[in-house]
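Sequence lines set the chain letters: A, B, ... in the order given, protein chains first and strands last, and positions in each chain run from 1. Keep in mind the model is a prediction, meaning the values are calculated, not measured.
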2 protein chains.
Amino acid sequence: MLKDQQYLRIPGPTPVPPSVQRAMAQPMVGHRASETAELIRRIRPGLKKVFGTEQDVMIFAGSGTSGLEAAVVNTVGEGDEVIVAVTGAFGRRFVKILDAYGVTVHEIETEWGQSVSPEEIRGALRKNPETKAVFATFCETSTGVLNPVAELAQAVRDESDALFIVDGVSCIGGVESKMDEWGIDILVTGSQKAMMLPGGLMFAACSDRAWKVIEENTRRGFYLDFTKYRDNLKKDSTPFTPATSLLYGLEQAIRLIEEEGFGEVISRHELMKDMTRAAFKALGIPLLANDEDASPTVTAVRPDGFDAAKLRKVLKEEFNLIVAGGQEHLKDAIFRIGHMGYASPGDVLQTLAMIEIGIRKAGQEIELGKGVAAAQQIYLGKGDPQ
Amino acid sequence: MLKDQQYLRIPGPTPVPPSVQRAMAQPMVGHRASETAELIRRIRPGLKKVFGTEQDVMIFAGSGTSGLEAAVVNTVGEGDEVIVAVTGAFGRRFVKILDAYGVTVHEIETEWGQSVSPEEIRGALRKNPETKAVFATFCETSTGVLNPVAELAQAVRDESDALFIVDGVSCIGGVESKMDEWGIDILVTGSQKAMMLPGGLMFAACSDRAWKVIEENTRRGFYLDFTKYRDNLKKDSTPFTPATSLLYGLEQAIRLIEEEGFGEVISRHELMKDMTRAAFKALGIPLLANDEDASPTVTAVRPDGFDAAKLRKVLKEEFNLIVAGGQEHLKDAIFRIGHMGYASPGDVLQTLAMIEIGIRKAGQEIELGKGVAAAQQIYLGKGDPQ
């Protein structure tokens, strides 16, 4: 096999565009120098659009999990009651963080592959009227489910004064997000998914309602204290040493999104999802999530005619194509294809064509080209009325 | 469309592997410093294998055309008689260079898309017994034809004492080459094709027979004088300023070839050719060259149901997929797909899947997925007896 070549189609980290790589090769500048302040000033407006907020979007050196922890530590503490919608491994992570801080958690658990419904949120809030915050995952990376956060936000507002806190890690930048309009109180995400960057940056924004709660909270930790980042950001600065090269990359990533147009970016992700799903349907291979719940950024496939782990091994050996397995109890039962960020419909066609070969080598007698053809058909019909 | 993404599938320049890009980012060193001498020393053995020669392979800062001119100016001059096999635009280029030096040229011209035969070479040599050199193109980039240089070399040897001089630009590094065994006297190539580098380097090797002729020639020009490069190379040096960053890239490109194994590299190119050709046959779209003449590095397609220029436009607009048009009288009659160097069977599948969509958009009602399926079938059958 040709060395030095890898097709990275996991749901993050995702491939980094060449121009972002070049931007990150910028020689270091002092993080308190005017260059860094100017860089942060240039970045600020673009992140607001991606989040769908008029609030400033804060930038942290940290992973997505640091964002989940920040959302917890800034808003709730020992003895507080919260609701967590657990639709997979990343909903579960919220619970683990909350447990670490002694917060009382009421879980809404769905079967993996299904979204949580606004009715479930309403029910849980009625049952637990002391709830201070509701935590949800926008795209549940472990199952490829996109939870209906707009409707969930509405349910929280209708039933309570609780904050609505959303983990947007594996979709923000690739899906529509209207944080202010929908009524999300805290939205956090990471850099290594639809934002087309390596891991290392975390972004977070808070509503006015959230800021009130945060300011009244006297135990906000230290490194992840949102008020420090907010106050510094007003001066185009960061409270602690920033990941400067990633900021240069971020500037270019935002430029790429703006050059394409954010509406186009969202359509491209929808198209990639539709192409991917159409292919597996044509091949008769089950998808984990149904159409209504499916995320535009990652697709989970649950084969019944071959072994998912075998397929992944074959794809790596034959093509150096990397797709993800499942997590926890779905570890070897599913495989997951990332199609977000620096990924195109052409990349989806390629991934599918390689996977068809992989499926044959993994032992299922599919008709070659049939999945690709279905995806091509979706591409040709894009923009047509459904 | 996603910006910053391009699928470069022309027959050169070809995509450059990331590790080669990184190698070229090496900070400058003095070209007379020990680092450069050590670099050249490390590079020398690898190029010999790719050429299939025990002779030293000289390295020039120059394009492929500088290689053709070097082969001319070092061996023949005004009034000398030569034979040129013209199978396309690059055979024609030899004629233009020879004309510029006042050399008398006897042309063997084939229809574009066909190779030249050993019989034609034999006939021309019998007709022109004063011939000092026979010039041929290994892969004729303009038509995707691989001329049978082993047999042509044999024909030249059988019939004359003429030198046999070969332009290997668009295939060396991707096809088997046995310069010494076959009896090629001068072989030249460029860096931007199967060698996986940007343009800017030219490589050349000469047989002992050729060196005798070159040493007796008193008009070898200056910059392209082979003896200067040979004498300097013995000291791991170059007569003039080398393209240092490209040399660092070359070292890594050779490493990639060696890690994959040169035999594997050759098989991969054969496979990519077979996959590409099978796809167009399945779709019922004519190929310019027949199976026996087809090059493993570039395929020329001559559509009869849609406009080749329209297809190229659509592919660029839809996917930023770049395939080449034809040259001279075949300009808009054919399109050419490069599949050499840093290109894999997975890339071929992707190119074909995008082209199928392009063909539909260019107006021919092909069955989607049919070409991809044929290519997948070839992939699955690789290694099987034919």
Structural part of [X] lying under 4.5 Å from a heavy atom of chain A:
| X | result |
| --- | --- |
| B:Met1 | backbone |
| B:Tyr7 | side chain |
| B:Glu318 | both |
| B:Val265 | neither |
| B:Gln377 | both |
| B:Asn320 | neither |
| B:Ala343 | backbone |

Which one of [options] has the most heavy-atom pairs closer than 4.5 Å to chain A?
| options | result |
| --- | --- |
| B:Glu264, B:Glu259, B:Lys361 | B:Glu259 |
| B:Val20, B:Val348, B:Asp347, B:Val372 | B:Asp347 |
| B:Leu352, B:Leu321, B:Leu349 | B:Leu349 |
| B:Gln21, B:Met354, B:Arg268 | B:Arg268 |

Looking at [atom1] of [X] and [atom2] of [Y], how far apart are the two atoms once the value is rounded to the nearest 0.5 Å?
| X | Y | atom1 | atom2 | value |
| --- | --- | --- | --- | --- |
| A:Gln376 | B:Lys370 | CD | NZ | 13.5 Å |
| B:Tyr379 | A:Arg360 | OH | CZ | 13.5 Å |
| A:Asp4 | B:Arg22 | CG | CZ | 6.0 Å |
| B:Ile378 | A:Leu368 | CD1 | CG | 11.5 Å |

- Would you mind telling me which of A:Ile257, A:Ile357, A:Leu256 has the largest number of heavy-atom pairs within less than 4.5 Å of chain B? A:Ile357

- Task: Specify the closest pair of heavy atoms between A:Phe319 and B:Pro345, including all atoms of both residues, with the distance to one decimal.
- Result: CE2-CB, 4.5 Å

- Message: So which atom in A:Gln5 and which in B:Ser344 form the shortest heavy-atom distance, rounded to 0.1 Å?
- Response: OE1-CB, 3.1 Å

- Item | A:Lys281, NZ atom: more than 12 neighbouring heavy atoms under 6.0 Å | yes

